[in-house]
Every structure is written in structure tokens, then in C-alpha cells.
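Each remark here refers to the structure printed beneath this line.
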Amino acid sequence: MVYINELANHVDQQAELKGWVYNTRSSKKLIFLVIRDGTGLCQCIVNKDDVSDEVWEKASELTQESSVSITGNVTADERSVGGHELHVSDISVFQVADGYPITPKEHGIEFLMENRHLWLRSRRQWAIMRVRNEIIFSLHEFFQNKGFIQMDAPVFTGNAAEGTTTLFSTEYFEDQAYLTQSGQLYGEAMAMAHGKIYTFGPTFRAEKSKTRRHLTEFWMIEPEMAFYDLDMNMELAEEMLAYVVQRVLKNCSEELDILERNKEVLEKVQAPFPRLTYTEAIELLNSDKTRQMLDEMEASRKSEQEKLLEEKEKLEKEYGQAKKGRKVQIDKRLREINMRTDDIEEDLRNIPHWREKALNIKWGEDFGGSDETILTMHFDRPIMVHGYPAEVKAFYMKRDAQDEKVALGVDVLAPEGYGEIVGGGQREDDPDILRKRIQEHDLPEDAFRWYMDLRKFGSVPHSGFGLGLERAVCWICGIKHVREAIPFPRMMGRLYP
RNA sequence: UCCUCCGUAGCUCAAUGGCAGAGCACUCGGCUGUUAACCGAGUGGUUGUUGGUUCGAAUCCAACCGGGGGAGCCA
């Protein structure tokens, strides 16, 4: 048995492929079977003159997603998907599939989500999962090569640690337990044992968010380092992101092509990233530069909309007299136009609100989604915003020695509107200040006994951050929604399949 | 919780108060290399649910159910 991605080593030889029928086409004496085996696609040609009646009969009965073993001679052929073809001599059928729901045409998101278990077989989803795999693998490699130890934080926790977000609760024998929203506090304990550690695991948030950036269950990589200050933390974050992106470019070129990802944008992801303080970010949002950029954006959307509507009118006039083939083309183009104009209309509704919010945002307020998008639009690579108002950040964040109102936190914002993919900072290491913060936030001191011990026995300056895996996958793949960045997404109203 | 858009054949959509339609999928037939192949024919409907307005409702109104996008919150 040979895998499709190894066919280059078997040109002009007999090979047996095992896989599933991705698509079929036929004429009187030829049947084209596109086979997928998990490693790629390969077109197999059955020629009636070259095979037995029995094999021809089997080939003509095959339907989409039927499982087969196919034997034949491998040839190199530029015309074909993947560059190779199999000239079939024998077929054995595991199962003829009946009525596979995901046809090679367009489908709506509700239908696809209901069939997520099958959707994963489609080409784009296949490519996304391969990129996700490369991201995970390169993250492990990055940290392992730097001497980080991977350790695991618990999923069950006994308290609503940070007191901010809404957690899922569950029964834990006679007690109540929560599903973890972050491994960070445990990461700090582990860093005091090993120096540099990272955790990689699922986290859970019961927030009722229905947006393209939110899941209720998602994966985070959280490094935590003893003796790192905020600057060292930021250097590590940008080095990590640059490493991962360059690895994906190197090893997932075909996948990025399938996803039609603009690689030039990714090639620019090299350290150092632009750094700006929260104060500078606020000034940028308030600036004329931002106003101008949004005005230009609005104008260009309007002219694009006009052009599309003109084209639509023309196509609709043509439709009546068009032949069938042309009608299909027109239908397809009209659907594209409708989708794009819907997006434009939404932008046009939103831009005035964005402008309003950005121009009027004041020091002390947290960024909204639109503010993050606007900030990143000014740059061509991810940016690092640091020095947030302490008020909007978590209790454990260390304050700036120069300015009590400022917390030593950093967010990395991805370009093209993908928003916050990394959040972190330097942790408070002074036991007295930390105890005061816990009290100020009305948190249960008893639950933090172990956390306070970390400041009692050899406290050191330390820092860390969390990378949201699905958001990173989204950004690197250039896809619209985190639900496509994880095999089985969990979000509001979605627990099946 | 709030704002906004949507729900028509298995799937994607059209029908803008007047006979519910097309493409794909499926079945049958045609085609000697197809690339979401193509060409011809056939099968396929309680227009999300309930109520209202009207001579007449997929279309207008109300409530509910389901979904998309967004706000808040966040990675």
C-alpha cells in the first residue's frame, strides 16, 4: 500500500492506494475517480479497454465517499491534482456509500456544522487541520529547544480563580468544581519548580459570546518563566510567533495554497514587532490618521459596492437570453456579488460606529474589537500593546514602578482584524501587595493560600503569556471563524456532533 | 441580556400580494481525457411553527422556535 503523498517515488510502477472516492466523472469508455487517502488527492483513470468487465462494473457503481482499494500504474501528469495519476488495473470495494450529504457544491454553515464529522473530510478543512497540526508541533519544538518543560495544569479547579469570567461548573463528589479558564496560576507554581515551563491544554469559558472569535472550549499554550520581566516576555512572544509562522510557510505551502492564503502577508511576520504603549495606542486611535484611514475605507467600500451593483444589473439583463452553461456562471457570480455586498453593507453600517468609538476612546477604557482592528490596520505585522490601565487587568498583574495606574501587561494583536491572539504580562511577586489585590477584588483568600506560598518561599520576578491556539490558526490560515480552526467546535448552542 | 439579518425540494438559492421555480445531488439515457466535466429526460414541496390582515399570503403584521453576524466579555 502506498500513500498519495509518496507517489513521486513510485512513478512508472504499480501501486495500491487505499482511500475514499472524493469525486467521480465519467464518459462512455473512461471513468475518472478522484481518491483521497488523508495525505492528498489522486485522480485514478479507469479505461474500459484496459480492465475486466468486473472491474469496470465496480468502478461505475462507486459513489462519493465510497471506500476502496485501487491498484494501477503511476504516471506523472501536470494536468492532474497533486501532479500524479493512477491508471487503474484493479479495484476492490470496501463499501459503496449511499447518499453522502456534502456534495461538491456550496453549502450553508448550519448544514456544515451539523455535519462537522463529515465536513472534516473536505479539502479546505483538511488543510486547516494540517496547519493546526504544524502550529502545535512547531510550538512544542520552539519551547523544547529553549529548555522549557511542558507541564499540565488541572482542568477541574475548586474556585472561580480570577473572578472575572463566567465559568462552567460541575459536581465534584460533594463539592462544586469549575472547569479551568486558564492554567496560568498553576503555571506559576510549576515555573518556580522548573524555571521555564509551558502548559498546553483546553480551557473553558461560559461567556454567552456569539462571534467569530469565540468558542466555549478552546486550547491555550501558556509559557511561564521565572526571572523574566515584561521586556523578556515580549521578546519571547514575538520570537515564538515569528518561528511558528515561518515554519508553517515552510512546511504547509500546499495547504496555504488550498486556503488561498496571502503568503506575502505571512512572510512579513518577523521580529521585532512594532511595540506601542497603551497610551500611544489611545493617541493613535484618537488621531486624524485614524479618521483619515476610516474615511478612505468607507469611500473605497462605497465605490466597490457601486461597481458590484452595476455588474449585477448587467448580469441580470443578460440572464434571460443566456444559454444554460452561461446561466450557471451568472448564478455563481451573482451569489458572490450578493455575499460581498452583504459584507460591504455591514461594514458601511459599522464604520461610523467604529470611528465614533475610536476617536472618543479615553485613557482607562479597554479596547473593543473594532479598536483592535483599527490599531492593527496601521501596521503590516502583529503589534504588541503594553502598559494597560491596571483597572481593566487581572489582580495578579504587576504594576509599573514608575506609575501605579499602569499594569505590566501585554497583548499581541494580529493583523487583518484577527484581534488579540496573545495576552500576558509580568506577575505581582510582592506578597503584601498581592494580598492587598486579592482583598480589593473580593476574592476568597483561602483559595489562594497555595498561590500566596509562591510569594512566601523564594518569590522572584516572573512573567508569562497565553496564546489562543484557534485564534492563531484562524489568522495564519486566513479563515473567518474559529469554528473551522478546531475539529469539533463547542460554542453557544453547539454540542453536536 | 441587547441590537441586526435570515428561515422555500436532500443541498445552494430565485419567485418583491396573483399558477412554487432553477442548479446541484439521486435515477435513466448520451458523450474517447474529464477538472465543482458537459448534454437530454425523470423523481423530489404542509414555503420553520401558531395566529392575524386580505377575494387571494412564501411575500404584509404579531408571537414563538431555529440559525448567522455584532455589542458586552475575552484568547
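Excluded from the calculations below are hydrogen atoms, water molecules and symmetry mates; all remaining heavy atoms, backbone and side chain alike, are included. Below, read A as the first sequence line, B as the second, and so on, with proteins coming before strands; counting in each chain starts at 1.
Computed from coordinates, the Tyr388(A) OH to A75(B) P distance equals 10 Å when rounded to whole Å. A straight line from CD of Glu217(A) to C1' of A75(B) spans 14 Å, rounded to a whole angstrom. Residue Asp371(A) contributes atom CG, which lies 15 Å from atom C1' of C74(B) at whole-angstrom precision. Whole-Å rounding puts the Phe204(A) CZ to A75(B) P distance at 16 Å. For the pair Phe218(A) CZ and C73(B) P, the interatomic distance rounds to 16 Å; values are reported in whole Å. Residue Tyr100(A) contributes atom OH, which lies 16 Å from atom C1' of C24(B) at whole-angstrom precision. For Glu114(A) and G10(B), the CD to C1' distance is 14 Å, given to the nearest whole Å. At whole-Å resolution of the value, NZ in Lys48(A) and P in G33(B) are 15 Å apart.
With respect to Phe143(A), the ring pair (Phe, Tyr, Trp, His ring centres under 6.0 Å) criterion is satisfied by exactly one of Phe148(A), Phe137(A), Tyr243(A): Phe148(A). Each of Asn233(A), Val412(A), Val410(A) was evaluated against Val422(A); a single residue qualifies, Val412(A), per the side chain to side chain contact (heavy atoms under 4.5 Å, CB included) test.
Within a 6.0 Å sphere centred on CG of Asp53(A), heavy atoms belonging to other residues, nucleotides or ligands number 12 at most.
Using bins of under 30°, 30° to 60° and over 60° for the plane-to-plane angle, the ring pair Tyr278(A)/Trp363(A) lands in the perpendicular bin.
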Worked verdict on Thr75(A) versus His84(A) for side-chain contact (heavy atoms from CB on, under 4.5 Å): CA-CA 6 Å; Thr75(A) 60; His84(A) 295 89; over 6 Å; no
ring-ring contact (aromatic ring centres under 6.0 Å, His included) between Phe488(A) and His117(A), worked out: CA-CA 8 Å; Phe488(A) 292 96; His117(A) 51 298; 7.6 Å; no
Between the protein and nucleotides 34-36 of chain B, are there any N/O to N/O pairs under 3.5 Å, and if so, what are the atom names and distances?
from   : atom 1 : to        : atom 2 : distance (Å)
U34(B) : O2     : Arg25(A)  : NE     : 2.5
U34(B) : O2     : Arg25(A)  : NH2    : 3.2
U34(B) : O2     : Gln43(A)  : OE1    : 3.4
U34(B) : N3     : Gln43(A)  : OE1    : 3.0
U34(B) : N3     : Gln43(A)  : NE2    : 2.7
U34(B) : O4     : Gln43(A)  : NE2    : 2.5
A36(B) : N3     : Pro104(A) : O      : 2.1

With 3.5 Å as the limit, what N/O pairs link the protein to nucleotides 64-70 of chain B?
from   : atom 1 : to        : atom 2 : distance (Å)
G69(B) : OP1    : His481(A) : NE2    : 3.0
G69(B) : OP1    : Arg483(A) : NH1    : 3.1
G69(B) : OP1    : Arg483(A) : NH2    : 3.0
G69(B) : O3'    : Arg212(A) : NH2    : 3.2
G69(B) : O2'    : Glu346(A) : OE1    : 3.3
G69(B) : O2'    : Glu346(A) : OE2    : 2.5
G70(B) : OP1    : Arg212(A) : NE     : 2.3
G70(B) : OP1    : Arg212(A) : NH2    : 3.1
G70(B) : OP2    : Arg212(A) : N      : 2.7
G70(B) : N7     : Lys210(A) : O      : 3.2

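For the P atom pair drawn from C38(B) and G23(B), the interatomic distance equals 12 Å after rounding to whole Å. Rounded to whole Å, the separation between the P atoms of A58(B) and G18(B) comes to 10 Å. Comparing the C1' positions of G7(B) and U59(B) gives an interatomic distance of 13 Å, to the nearest angstrom. G44(B) and U12(B): their C1' atoms are spaced 16 Å apart (whole Å). Taking atom C1' on both A37(B) and U32(B), the two are 14 Å apart, rounded to the nearest angstrom. Distance noted for atom P between C2(B) and U16(B): 34 Å (whole Å). Nucleotides U49(B) and U43(B), compared at atom C1', are 28 Å apart to the nearest Å. Straight-line distance between the C1' atoms of C60(B) and G21(B): roughly 22 Å, to the nearest whole Å.
Of the candidate nucleotides A75(B), C73(B), C74(B), C73(B) has the atom nearest to the side chain of Ser209(A). Candidate nucleotides U32(B), U12(B), G33(B) were compared by shortest atom distance to the side chain of His87(A), and G33(B) ranks first.
Considering only heavy atoms from C-beta on, Tyr418(A) stays 4.5 Å or farther from Pro382(A) through its side chain.
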Strand RNA chain B as a dot-bracket string - pairs counted if Watson-Crick or G-U with both distances under 3.5 Å, | where the partner lies in another strand: (((((((..((((....[..)))).(((((.......))))).....(((((..]....))))))))))))....
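With respect to the salt-bridge test (charged N to carboxylate O, under 4.0 angstrom), the residues Glu470(A) and Arg483(A) do not qualify. Salt bridge status for Glu420(A) with Arg471(A): absent, with no side-chain N to carboxylate O gap under 4.0 Å. For Glu255(A) and Arg261(A), the salt-bridge test fails: no basic side-chain N is under 4.0 Å from an acidic carboxylate O.
Residue whose closest nucleotide on RNA chain B sits further toward the 5' end, between Thr24(A) and Leu215(A): Thr24(A). Remark on RNA chain B: of its neighbouring residues Ile421(A) and Gly99(A), the 5'-side contact belongs to Gly99(A), judged by nearest-heavy-atom nucleotide.
A donor atom on one side chain and an acceptor atom on the other are found under 3.5 Å apart for Ser66(A) and Thr63(A).
Using a 4.0 Å heavy-atom cutoff across all strands shown, Lys357(A) reaches sugar-phosphate atoms only and no base atom. In this structure, His214(A) reaches the bases: a heavy-atom distance under 4.0 Å links it to at least one base atom across the strands shown. Heavy atoms of Val482(A) sit nowhere under 4.0 angstrom from any nucleic acid atom.
Here Tyr451(A) and Tyr396(A) keep their ring centres 6.0 angstrom or further from each other.
For the pair Arg116(A) and Trp119(A), the cation sits on the ring face: its NZ or CZ lies under 6.0 Å from the ring centre, inside 45° of the axis.
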